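Everything numeric in this text was worked out from a predicted model, so none of it was measured. In what follows, every chain begins at residue 1, and chains take the letters A, B, ... in the order their sequences are listed.
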Amino acid sequence: ETPAHTLVVAAQIDDIISLDPAQSFEFSGNDVTQNLYDRLVDFDALDLSKGYQPSLAESWQMSSDGLTLTLTMREGVTFQSGNPVRAEDAAWSLQRMVKLNKTPAFILTQFGFTPENVDQMITAEGRTLTLRLDKPYAQSFVLNCLAASNAAVIDKETVMANAQGDDLGNAWLSTNGAGSGPYSLAAWRPNEVVQLVANDGYWGGAPAMKRVIVRNVQESSAQRLQLEAGDIDVARNLTPTDVDALAGNPAIKFSEELKGRILYMGLNQKDPLLSQPPVIEAMKYLVDYAGMEASFLKGQWKTHQAFLPEGYLGALEEDPWTYDVEKARKILTDAGITSGTVTTKVRDIREYLDVAQSLQNAMAQVGLTLEIEQMTGAQVLDAYRAREVPIFLGEWGPDYADPQTNAGTFAYNPDNSDEAGLTGLLAWRNAYAVPADMNAAVDAATVEQDTEKRRQMYVDLQKRYQAEAPIIPLFQRVARDGMQANVQNWSTGGSVISAPYKQVTKGE
Amino acid sequence: MSALLSVRDLRVSFPSRQGMFEAVRGVSFDLGRERLGVVGESGSGKSMTGRAILGLVRPPGQVAAQALTLGGQDILNLPERERRRIRGRRIAMVMQDPKFSLNPVMRVGDQIVEAYRLHSGAGRAAARLKALEMLEAVRIRDPERVFQSYPHEVSGGMGQRIMIAMMLAAGPEILIADEPTSALDVSVRAEVLRIMDDLVRDRGMGLIFISHDLNLVAQFCDRVLIMYAGRIVETLAARDLHSARHPYTQGLLNSLPRLDAPVDRLPVLERAEAWRDGPLVDASMTEALPGGLR
Amino acid sequence: MTAPILSVADLRVWFGHPPDRVDAVRGVDLGVSRGESFGLVGESGSGKSTVLRAIAGLSPDWSGRIEVAGESLSGARRSAAFHRRVQMVFQDPYASLHPRHTVDRVLAETLTLQGMDDIDRRIVRLLDDVGLGRGFRFRYPHQLSGGQRQRVAIARALAGEPELLLLDEPTSALDVSVQAEILNLLTDLRADRGLTYLMVSHDLAVIGHLCQRLAVMQAGGIVDRLDVADLRAGRSGSDYTRHLIAASQYQRA
Amino acid sequence: MSDVSLRDWLLTDAPQTRRQARLGAFYQGWLVFRSNHLALLGLVILVLLVGTAIFAPWIAPQSPFAQDLADRLQPPSAEHWLGTDALGRDILSRLIWGSRITLFIVGTVALISPLIGLLIGTVAGFAGGWVDQVLMRITDIFLAFPKLILALAFVAALGPSVTNAVLALALTGWPPYARLARAETLTIRNADFIAAARMQGASAPRLLILHIWPLCLSSLIVRVALDMAGIILSAAGLGFLGLGAQPPAPEWGAMISDGRTYILDHWWVAAMPGIAIFLVSLAFNFLGDGLRDVLDPKGAGE
Amino acid sequence: MGGVLLSLVLTMLGLLLVTFIIGRVMPIDPVLKVVGERATQAQYDAARQAMGLDQPLVIQFLRYIGDVLQGDFGRSISTGHPVAEDLRRVFPATLELASLGTLIGVVIGVPLGVVAAANRGRWIDQVARVVALVGYSVPIFWLGLMGLLVFYGILGWVGGPGRQGILFDGMVETRTGLMLLDTALAGDWPAFRDAFSHIILPASLLGYFSLAYISRMTRSFMLEQLSAEYITTARVKGLPEWRVVWGHAFRNIAIPLITVIALSFGSLLEGSVLTEIIFSWPGIGSYITKALLAGDMNAVLGGTVVVGTCFVVLNLLSDILYRVLDPRSK
Ligand SMILES: Nc1ncnc2c1ncn2[C@@H]1O[C@H](COP(=O)(O)OP(=O)(O)OP(=O)(O)O)[C@@H](O)[C@H]1O
Ligand SMILES: Nc1ncnc2c1ncn2[C@@H]1O[C@H](COP(=O)(O)OP(=O)(O)OP(=O)(O)O)[C@@H](O)[C@H]1O
Ligand SMILES: [Mg+2]
Ligand SMILES: [Mg+2]
């Protein structure tokens, strides 16, 4: 039995390398910053479909030319340090993100901010915060980006007091918190535990759970045993087997949330075999979607064949492909392809390996040999960024709650040359020379102010993508967390944000 | 006067691939308060005889005998506990090589004290005094220092004397000395022999002196048993050794080079198959108490 | 008397480095003539074996002068000619044969190393010479008795047809009856092949039997030199030698 | 030749030919070995293993690779004697095919590590002086180095594959053997038979290879046999970290690591390869104990 | 002693060098761990430069040695913390586990080995053998998960994964980093019981493993001693068998046994990665492994230095003990 006002979560949190919102880009790290900080706008954990809601910003106004966004700050909110939350802090936080130029910086720089101009483009005056954009972006696009956990509002005074050199407090903030969020950081012992303590003076009301303890438990089996023993409230990394085993236990229930992560297959267009359209087409039919979904991916991934995850504006919910070896074979033989060998470098994660082996099995049936090389995440990524992975199997998680987050990487590649070094773009990594009109369509969608039109643009984009792109989305992630029956309102933030804890309660 | 130890038809055998191998095949003798030499070639069963008397033949070796009596008491069939009480207290044994026979990580004094206390039940202090006394008895000049030393710190001759002191601490009636001098220099050897000689004379102890040096045995012992292939082939008074009748004994004696009688070629022992099982030279050996007891 | 085949002058041998240095031999002079049998006696640790090993090149640290058949030696390196000329037999027959090599292999290797041809025939002859029939050719050491092993060791030493044999207590580990056989063998071989012996023993009787001259060592130095007749008669200028002779004939007090 | 006379021929004290001597020595060893029943059992298991590896294509009831997601995680049954794994593959067939990989791992590591160790250890022990110092420092470094790290680094550097995993294990496993071989050499190098060989003018490499190695080899073999379980399990450990055999290779360690997700509910997936590894390492251990009796005079019975 | 120190320093330097080389030749790019999936080339280059990886290797090595000599192991890129701080946290965890494991291994393994040797070939010897061989042969993660299932899941006798129950997490002041010691020092007995209930299972597993090794080695040492001549002497004295075995033979193996125990302890310190993963034990083994897989060379180097030092120190200690305990070594 865990204490009534303590929430104990078992999860794999060994990916956290920094808790600085301007740097943290890992799932577990964002789960922490989500709770330590508030953002200008935020999602309601209890109803994510409402979209972004006022948070530290009470209201906002887009200028008629669509180039200036003015936000008005909420009054009377203080940081956990006791300092007031000012527009100046918000401006500084955003400027800091751009200036530090860590990986998440693109979330803001895509609006034309640069380290040089950001002091002029983002300004604070009294209660108002002004963002000057380089194009008339869709308002929802901008605000969705401001809801990203990286765009947290940070306590400038506290951080600057701990800054070293010109790091803008990055080193200190990596292991400390300075936010106004519902929780403050009590301890982070890497690979071991994150402890959060409720911020009782929280402006949105004191959270019910006074302590949140997230323990690093690697093994699903161990998480399951702990759940059964009542030593934890929530287990976040249960394998389908363990979920099945726990299903009959009345003391335990499961949440089921669609996450934003897409498991996809990238066919490198540098590969002579994979660059042939019939092969691309055939590969779509060589994935045993239903079989995998029913077996080792059960309850964790659902078939989803478009690059926008369900829950995103314009997400396409049609799944045109099914497992059909005969069809694949016909496509290939019609094109005169009866044999071939390709390699895949797969990260040493069970599911990926199983997917790869299943694919290997199916490909073998049409005469294609798939050689699997399993390696560490860093190694795969290295090769992938060097465009050296013929078939890539892996996932992509959206960085913010706007469709652009995936469109801009799956379907956007302005320069397919090696020298361009657009290592951040999935299309580039797969050497997919996105047609110019598709690139233009992606750009156009970001500046479309009419949300309905914008939605349609994304639907069209995905349809076209399904028809011709060599990057094949396969599954969308489902979070199935096991928890004690008395845990209420548990959320992992769905497909749009990280896991918030403030709304969680425990009944009797 | 009765025999201290009486051995009848002692057999020691080891299982081997070719069936049972008998290392000792029916040895009988009596020991009084005397120096009894046992000689023979390597492998003739001398050491096994000694070990069998103490009950120290390791498995899978097996010991059998018609009788094995110590002061009239049967010791062959005693339970192990009783047997242990005899060992050390009533029969002791000094082994060939002091370098390997003393525990290398225990102080010399402690090893003596341990032996003494086990049988006398004396206190630590008393045992210590006794140990020093014993060291003195074996003519160790600086007993205090030797008491504190470890085996590797003492010379071979000293080690052998320590072994003797240790074995004699409990005042045994019988001492079996298994080649106690073969590892020693001639000069040290004389010293060690003198000590044992004194003990037999002064304490009336029985001594079984195992050796393969015939000259030495002839000089030192009262009586000699000659062993061949696990059997005693001849028993003699030591002074009569050089007039031994058995061709084996003769052969052994002759094959020794001698300073006083130079020869060009040494006579070589011609072994006869008959020696293994042939009739013993002296039938009286199998009867009680053959001559030589004082 | 012919020229000395072996001459040793002011030989000093030590082991180890200064704090733990042991000076085992401290200035030994020796001369052994061709065809002679020379004995070296002394108590344990007096340095007898060390002298032999220094000559044989088995003790690297020595000073002084060693000459074998006119060849001056240095350090622990020995020429092929030396190996052909000088051989050694060790004290412990149980330690001087490689436990995993058959008699055949031991002899064959030796013959090859000595650059001999016609190896098969020579092996058979060597075995005959040391009184081991052909039946022993393919045995392993553990299938041999101590005396037989010592014969193999002697055969090995003879394989290269040496002139000088260094004998380090070749019989002390053996039974008297076997000792007699080996001593006879050594006598015969010397007669047949005109060998020269330098023999170490602590048994005066053995030295007396085999050697013509002897030197007595004590604490790394030579304290006395005498010939066999003197030894037999107990004539010696040295107290120590007389003590040794007396002690070797134990008399009960 | 009848049975009795063959035995006599082998056991004779006076062999007539080199071959007879060698066979005789071998037979004697065999007799000692045979009297150790557990060692015999170990040998039988290993012979079976080798047989399985050789005849895998004929023995295996099904393909080790054929997947059937509908038939996954089936408990042992008449159709699948040892059940099926997460992709519906027949575990028995995978085990049978996997014996080849296991043998490969064991064989290669057992060949390379002791050889490196033997070379370094004997050279160090035999040469003494600064050569010994340098080689032993290197050995110390490798010994002090976390072994798994070293192996991981090797594998990571060379790329994950069974061959590389094996190589890594071999390259990290030698220090203990080097120490053993050195200790052994130190006791041998001053032996009279080495001195005797020197007296014949034998060169240092000759002494090392023909005289010293054969003697070190026996204790090394014993040690290797005892370490064999460790080798299989280390390979499995690398597999557990995703650095061993590449899928879908039926490497036993990798199979266990695949099955670890299912340990609590589908025990056979991990347990079957586990039992296989256990049996084989047990067999090697028994064998090692028996070999100790034959080869290593120390510790053998009085 | 000077020679010992010199060789110690040389060994440590060699260790550092090897680790360093491994770190740099490993085809795992540490920069990627820092910048993550989405970084642009410019961000990547900036991070690489900030990490000093653009310098020549020699410079990098010298700089590293210099830092290490000042006790600075740098910052870990996989935890974001200074490596020294991480090590202060993870090393005691492993030390505690390995110590208790070794203790269990010694307390059971040594008597088992002695008894097996004294009863060579009898049933107790066979039982000891099978017990040890099972320890040798069973994959530790299998035993670990099964142990968790049975003793934690079903029986509930022990605490689950982790070093402490959540109720006690952070409740006791960290002094030594060894949970058992800290709780005892604080006099907080419920916390001590809790810590004990968490450590006992993984420690027993490791203990079983070292028991297997120690008992086999003990047995073979004992067999050698029991056939020595001084044992016969002891028997001649009439000593009861247990005194022969424990009073005489055992004293002689105590010395080589120390080396064996030190070695086994050392291997538990470095080699309990799998146990640590299964029991969510935040120890140095899994720390180094994880760091290695992320190309986090500061952490790997730091961890290796600590483990390597332990090894060297253990070696040294057992050498010294050897000298103190063995009268033969002057
Ligand atoms: N454990 C054993 N197994 C089989 N045979 C043994 C065993 N111990 C001794 N023997 C044999 O018993 C015989 C007698 O051995 P013992 O030690 O009594 O000889 P010994 O006369 O003392 O010889 P030495 O003078 O060499 O000491 C020998 O042939 C020996 O090989
Ligand atoms: N390798 C060595 N290292 C150190 N000291 C040695 C070594 N070999 C011999 N000694 C010492 O040299 C001295 C002479 O030894 P040596 O073996 O020559 O004596 P010995 O006269 O042959 O004695 P023994 O009759 O016992 O064979 C002894 O004090 C011995 O301890
Ligand atoms: Mg004997
Ligand atoms: Mg000598």
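Below 4.5 Å, heavy atoms of chain E meet heavy atoms from B:L118, B:H119, B:Y150, all part of residues 116-150 of chain B.
Ranked by non-hydrogen atom pairs under 4.5 Å with chain E, the options B:M167, B:R89, B:R83, B:R85 are led by B:M167. Between chain E and the residues B:P104, B:P151, B:G88, B:G55, the most heavy-atom pairs under 4.5 angstrom are made by B:P104. When each of E:T233, E:V236, E:I231 is checked for heavy-atom pairs under 4.5 Å with chain B, E:V236 comes out on top.
Ion pairing between a basic and an acidic side chain is recognised when a charged N comes within 4.0 Å of a carboxylate O; E:E241 and B:R84 show no such pairing.
In this structure, the side chain of E:K237 engages the main chain of B:Q111 through a donor-acceptor pair within 3.5 Å.
More than 12 heavy atoms of other shown residues, nucleotides or ligands fall within 6.0 angstrom of atom CZ in E:R175.
Between the side chains of B:R58 and E:T232, at least one donor-acceptor pair of N or O atoms lies under 3.5 Å.
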- request: Kindly determine whether B:E114 and E:R243 satisfy salt bridge (charged side-chain N to carboxylate O under 4.0 Å, His left out), including the steps that lead there.
  value: CA-CA 11 Å; B:E114 179 185 45; E:R243 275 183 71 175; 3.4 Å; yes

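Contacts of B:M93 with chain E are made by both backbone and side-chain atoms, with heavy-atom separations under 4.5 Å. Interface residue E:L239: backbone and side-chain heavy atoms are both found under 4.5 Å from chain B. Proximity to chain E (any heavy atom under 4.5 Å) is restricted, for B:R51, to the side chain, taken from C-beta onward. Looking at B:L102, the atoms closer than 4.5 Å to chain E (heavy atoms on both sides) all sit in the backbone: N, CA, C or O.
Applying the ring-ring contact (aromatic ring centres under 6.0 Å, His included) test to every pair with at least one member in residues 221-249 of chain E, sequence neighbours left out, gives these pairs: E:W246-E:F250. Pairs engaging residues 94-115 of chain E under the side chain to side chain donor-acceptor pair (under 3.5 Å) rule: E:T94-E:E276, E:E96-E:R163 [sequence neighbours left out].
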Return a table of donor-acceptor pairs under 3.5 angstrom between the side chains of residues 204-213 of chain B and protein atoms on other chains or two or more places apart.
from   : atom 1 : to     : atom 2 : distance (Å)
B:S211 : OG     : B:D213 : N      : 2.9
B:D213 : OD1    : B:N215 : N      : 3.2
B:D213 : OD1    : B:L216 : N      : 3.2

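The heavy-atom pair separating E:G247 from B:N103 by the smallest distance is O-ND2, 4.4 Å.
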